[in-house]
Protein chains: 2
Amino acid sequence: MPERPPTHRYPDNREAILRSALDLFARKGYAGTAVREIVEAAGATKPVLYYHFKSKEGLYLEILRQAMERFRADLTVLTRGGGDAETGLMRLCGQLFVLFRENLQVVRLVHAALVGPPQGGPPFDFKRFHEELVKGMGWWVDEGIRRGEFRDGDQASMTIAVYGVFSLAVELELLSGECGIGREGLSAAMNVVFEGMRAGDSASL
Amino acid sequence: MPERPPTHRYPDNREAILRSALDLFARKGYAGTAVREIVEAAGATKPVLYYHFKSKEGLYLEILRQAMERFRADLTVLTRGGGDAETGLMRLCGQLFVLFRENLQVVRLVHAALVGPPQGGPPFDFKRFHEELVKGMGWWVDEGIRRGEFRDGDQASMTIAVYGVFSLAVELELLSGECGIGREGLSAAMNVVFEGMRAGDSASL
DNA sequence: GTCTATAGCCAGATAGAC
DNA sequence: GTCTATCTGGCTATAGAC
């Protein structure tokens with residue numbers, strides 16, 4: 001008879017609380033969400049929450065920590081891969097866009113914590129989110145310049161231009177009421193930017 | 001002896017409360033800010049706040065209403081004016097950028113309300129903020145296409161590209177710790193986008 | 001690990017005098 | 001218009017049994 005673990009290390013209650021907390025924090029904000037709401041939605045009770053996460057802040061930090069972990073793993077994969085820089089950059093942005101759209105709740109939570117008021121929530125190293133995105137896109141721009149695909153001399157501005165379009169596309173998905181431009185809209189707008197980055201075009205700068 | 005108004009219509013208390021509420025809402029969020037904090041920072045008392053604004057929600061809505069009013073006035077002015085489309089678009093974005101950077105608290109508040117969780121705050125027609133910005137920029141893009149400055153056939157994508165760069169520049173100012181690219185960085189990144197919009201460049205689309 | 005029950009606090013809002 | 005004093009309710013967090 002195989003050994004069973006003496007106790008469940010991650011019981012259903014813990015996962016249920018994480019899920020309903022993510023949902024509520026994303027919809028009502030950290031300060032706007034009561035612990036009572038979270039445990040009711042999860043079908044649990046308050047002491048269970050405090051047992052697993054020690055405090056409301058601990059729960060919040062655990063959600064963000066998990067989100068950061070998953071995001072970094074995906075970003076690492078998407079920065080690899082062959083092909084020319086324009087294709088790689090388009091693939092990176094396109095797949096990140098899909099990933100973000102499939103996890104809008106997390107994106108809303110992190111975005112709010114990045115640029116919004118901290119709402120009394122605990123501090124967290126959010127800027128790494130932003131910095132790693134810039135680094136991932138900047139890597140492809142560097143590649144493009146090195147290979148002669150993109151014009152030389154304006155790496156930072158090109159990265160900002162690409163990142164700006166990507167960032168806006170994501171934010172439009174966050175707006176309520178179907179303002180989003182979708183992946184097709186993102187590709188079209190990125191093509192406008194690429195048009196201004198390609199080497200060989202008349203550079204009147 | 002000249003007549004004095006029978007009573008102060010907008011006494012100092014009212015303005016002081018509006019200012020400290022803007023400061024606190026922007027720093028701690030709507031739900032994260034207590035009425036007690038607001039009136040203490042303003043050197044007033046709670047009944048004064050409730051006399052002038054009826055409720056915490058009423059105070060919040062009044063702040064946003066005033067912000068929206070000032071913003072629309074500025075946007076209307078900046079969409080007029082002569083010159084070619086590229087110059088007009090650069091001026092619109094540059095001056096809006098300066099305006100936003102001088103009012104970062106309001107921008108943070110509105111941005112949080114636009115894309116962030118509502119935090120229990122009352123509903124407000126925030127999307128008009130976004131829509132009017134898009135309309136203002138789109139007007140100049142239309143002008144540029146009409147005059148033959150910009151390539152034809154991709155108005156929406158061009159507008160998104162310009163708006164995306166502008167939006168990112170503003171958001172980087174919102175991040176804590178001097179991540180901003182400044183007005184020069186905005187201009188440089190916009191030039192990358194313009195490079196891809198100009199008619200006459202080799203269009204390999 | 002999970003419960004019931006509750007402590008202790010602070011929130012938003014108001015009554016009524018001036 | 002502004003005050004002091006106060007009401008009512010919800011909040012986070014915990015004690016202690018199982």
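This one's a predicted model, so the numbers in the text were calculated from it and none came from an experiment. Every chain is numbered from 1 and lettered A, B, ... according to where its sequence line falls, protein lines coming before strand lines.
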Output a table of donor-acceptor pairs, distance under 3.5 Å, between side-chain atoms of residues 93-103 of chain A and any protein atom two or more places apart or on a different chain; print 'none' if there are none.
| unit_1 | atom_1 | unit_2 | atom_2 | d |
| --- | --- | --- | --- | --- |
| N103(A) | ND2 | L99(A) | O | 2.8 |

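- Between the P atom of dA13(C) and the CZ atom of F53(B) lies a distance of 14 Å, rounded to the nearest Å.
- Summarising the geometry, the separation between CD1 on I17(B) and P on dG12(C) is reported as 13 Å, rounded to the nearest angstrom.
- Legend: residues meeting side-chain contact (heavy atoms from CB on, under 4.5 Å) with T79(A), ordered by chain and number and at least two apart, are L75(A), W139(A), W140(A).
- For dT2(D), one of the phosphate oxygens OP1 or OP2 lies less than 4.0 angstrom from a side-chain nitrogen or oxygen of N13(B).
- The backbone N or O of A34(B) sits less than 3.5 Å from a side-chain atom of E37(B), completing a donor-acceptor pair.
- Atoms CG (L24(B)) and P (dG12(C)) sit 12 Å apart, rounded to a whole Å.
- For the segment residues 31-51 of chain A, the set of residues with a heavy atom within less than 4.0 Å of an atom of DNA chain C comprises T45(A), P47(A), V48(A), Y51(A), in numerical order.
- Remark: R72(B) does not engage E69(B) in a salt bridge, criterion side-chain N to carboxylate O under 4.0 Å.
- Electrostatic pairing of K135(A) and E132(A) does not count as a salt bridge here, judged by no charged N lying under 4.0 Å from a carboxylate O.
- In this structure a side-chain-to-backbone donor-acceptor pair under 3.5 Å is present from K56(A) to Y30(A).
- In this entry the distance linking NZ of K28(A) with C1' of dG10(D) reads 12 Å, nearest Å.
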